[in-house]
Amino acid sequence: MVHGQPILAVSDMLLSGQHNYTNALVALALADAVGIPRKASIEALKHYPGLAHRFQLVHFNHGVRWINDSKATNVGSTEAALQGLKVEGTLFLLLGGDGKSADFSTLKKYLAADNIRIYCFGRDRAQLAELRPEITQQTETMEQSMQLIAKQLHSGDMVLLSPACASLDQFKSFEHRGHEFARLAKELG
């Protein structure tokens, strides 16, 4: 809102997540400051898909959103993805990889909701599963987790890869992990 007037409904944007909405407001303020017409800025925000591997919608089918946040290679990045996230149905969260001895405990407060299911894979899956063992399943690979998730999906659900870990235990890079997630999302979803 600007001067009490709504600017753009977040539902009209391709981006999602509180951190992206905040960034959009900053972008609008900067565009206003340099004289870019507001209508052009709003149109750009409606069609901007975001950067690859950064809370990127990679597949939408039957009301299910598949979000690639493979760039979330540390706890802080995953916290940013989860902060203020609203999911109509169930959030299927994929965590895993090489945590590099990170303290994952700060994620607990974001995992307290009843509509979250956690799937942990990779080297530090057991440590991540300790965050909420009663709603967590462990698998060796991300693909195995995604296969289990795909069988349970309903309209309004979200599958979010925001692993809080580096990818090098199973992938060449976070980009490789993200591309595999996107490929599997299209195949399974």
Side-chain angles (χ1 to χ4, degrees), residues 10-11 13-17 19-20 47-75 77-82 85-99 104 107 110-111 113-189:
V10 295
S11 60
M13 296 172 58
L14 292 177
L15 295 174
S16 58
H19 60 297
N20 281 324
H47 298 95
Y48 180 63
L51 297 173
H53 314 293
R54 292 161 179 85
F55 213 88
Q56 174 193 27
L57 176 66
V58 294
H59 189 57
F60 181 78
N61 193 24
H62 300 295
V64 177
R65 292 180 290 162
W66 297 75
I67 307 291
N68 171 12
D69 194 31
S70 185
K71 179 74 168 97
T73 59
N74 59 62
V75 173
S77 295
T78 299
E79 286 180 40
L82 295 172
L85 183 63
K86 291 175 180 58
V87 178
E88 181 184 313
T90 300
L91 171 63
F92 293 90
L93 177 62
L94 289 155
L95 298 171
D98 180 356
F104 298 118
L107 291 173
Y110 301 104
L111 306 177
D114 292 333
N115 69 328
I116 295 178
R117 298 297 171 264
I118 303 168
Y119 288 77
C120 300
F121 63 91
R123 192 183 109 184
D124 288 336
R125 65 185 175 273
Q127 185 182 357
L128 287 158
E130 291 173 11
L131 293 169
R132 271 200 75 192
E134 71 279 9
I135 62 163
T136 301
Q137 288 196 19
Q138 295 182 52
T139 62
E140 180 70 28
T141 68
M142 181 180 71
E143 182 173 357
Q144 291 167 339
S145 287
M146 291 177 73
Q147 289 170 343
L148 293 173
I149 291 168
K151 298 173 187 175
Q152 305 173 61
L153 296 172
H154 302 287
S155 182
D157 291 349
M158 176 188 287
V159 181
L160 172 60
L161 169 64
S162 191
C165 293
S167 59
L168 300 177
D169 64 326
Q170 295 185 357
F171 301 94
K172 296 174 188 170
S173 63
F174 74 85
E175 293 98 340
H176 178 223
R177 175 173 61 193
H179 289 303
E180 284 300 301
F181 174 81
R183 179 187 66 77
L184 289 165
K186 290 170 186 160
E187 182 182 302
L188 298 169

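Everything numeric in this text was worked out from a predicted model, so none of it was measured.
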* Show the numbers, then the answer: is there a side-chain contact (heavy atoms from CB on, under 4.5 Å) between R177 and S70? => CA-CA 7 Å; R177 175 173 61 193; S70 185; 2.9 Å; yes
* To do: Take Q138 and F121 through the side-chain contact (heavy atoms from CB on, under 4.5 Å) test and state the conclusion after the steps.
  => CA-CA 6 Å; Q138 295 182 52; F121 63 91; over 6 Å; no
* **Trace of the side-chain contact (heavy atoms from CB on, under 4.5 Å) decision for L184 with K186** => CA-CA 5 Å; L184 289 165; K186 290 170 186 160; over 6 Å; no
* Determine, stepwise, if the pair L94 / I149 fulfils side-chain contact (heavy atoms from CB on, under 4.5 Å). => CA-CA 10 Å; L94 289 155; I149 291 168; 3.9 Å; yes
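Side-chain contact check for M142 versus Y119: every heavy-atom pair is 4.5 Å or farther apart. Side-chain contact between L57 and H59 is absent, with no heavy atoms from C-beta onward closer than 4.5 Å. Looking only at side-chain heavy atoms (C-beta outward), L82 and L91 come within less than 4.5 Å of each other. When side chains are defined from C-beta on, L111 counts as touching L131, because their heavy atoms get closer than 4.5 Å. Annotation: side chain of Q147 is in contact with side chain of L188 (closest heavy-atom distance under 4.5 Å). When side chains are defined from C-beta on, I118 counts as touching R132, because their heavy atoms get closer than 4.5 Å. Considering only heavy atoms from C-beta on, L95 comes within 4.5 Å of L128 through its side chain. Contact check for F55 versus L160: side-chain heavy atoms found under the 4.5 Å cut-off.
Between N74 and S77 the shortest heavy-atom distance is OD1-N, 2.8 Å. When all heavy atoms of G122 and D169 are compared, the pair lying nearest together is CA-OD2, 3.4 Å. Taking each heavy atom of N115 and V87 in turn, the nearest pair found is ND2-O, 3.4 Å. Across all their heavy atoms, H176 and K172 have their closest contact at ND1-N, 3.1 Å. Scanning all heavy atoms of the two residues, the minimum distance from E140 to Q144 falls at N-OE1, 2.9 Å. Considering every non-hydrogen atom in both C165 and G96, the closest pair reads CB-O, 3.3 Å.
Although no hydrogens or angles enter the test, the distance criterion places a donor-acceptor pair under 3.5 Å between the side chain of N61 and the main chain of G189. A distance-only check finds no donor-acceptor pair linking the side chain of D69 to the backbone of L161 [under 3.5 Å].
In this structure, L85 CG and I67 CD1 are separated by 8.5 Å, a value rounded to the nearest 0.5 Å. Here T78 contributes atom OG1 and F104 contributes atom CZ; the two are 8.5 Å apart, rounded to the nearest 0.5 Å. With rounding to the nearest 0.5 angstrom, the CZ atom of R183 is 8.5 Å from the CE atom of M146. Taking CG of L93 as the reference point, atom CE of M158 lies at 10.5 Å (rounded to 0.5 Å). From F174, atom CZ reaches atom OG of S167 across 8.0 Å, with rounding to the nearest 0.5 Å. Atom CD of Q137 sits about 5.5 Å away from atom CG of L148, to the nearest 0.5 Å.
Ring-plane geometry between H179 and H53 is classed as perpendicular, the angle between the planes exceeding 60 degrees on a 0 to 90 degree scale with a lower cut at 30. Using the six-membered ring where Trp is involved, W66 and F181 have ring planes that are tilted, between 30° and 60° apart.
At most 12 non-hydrogen atoms from other residues, nucleotides or ligands lie less than 6.0 angstrom from CD of E88.
A donor and an acceptor atom, one from each side chain of T90 and R117, are nowhere located under 3.5 Å apart. When only modelled atom types and interatomic distance are considered, E143 and T141 share no side-chain donor-acceptor pair under 3.5 Å.
Using a 4.0 Å cut-off between charged side-chain N and carboxylate O, K71 and E175 make no salt bridge.
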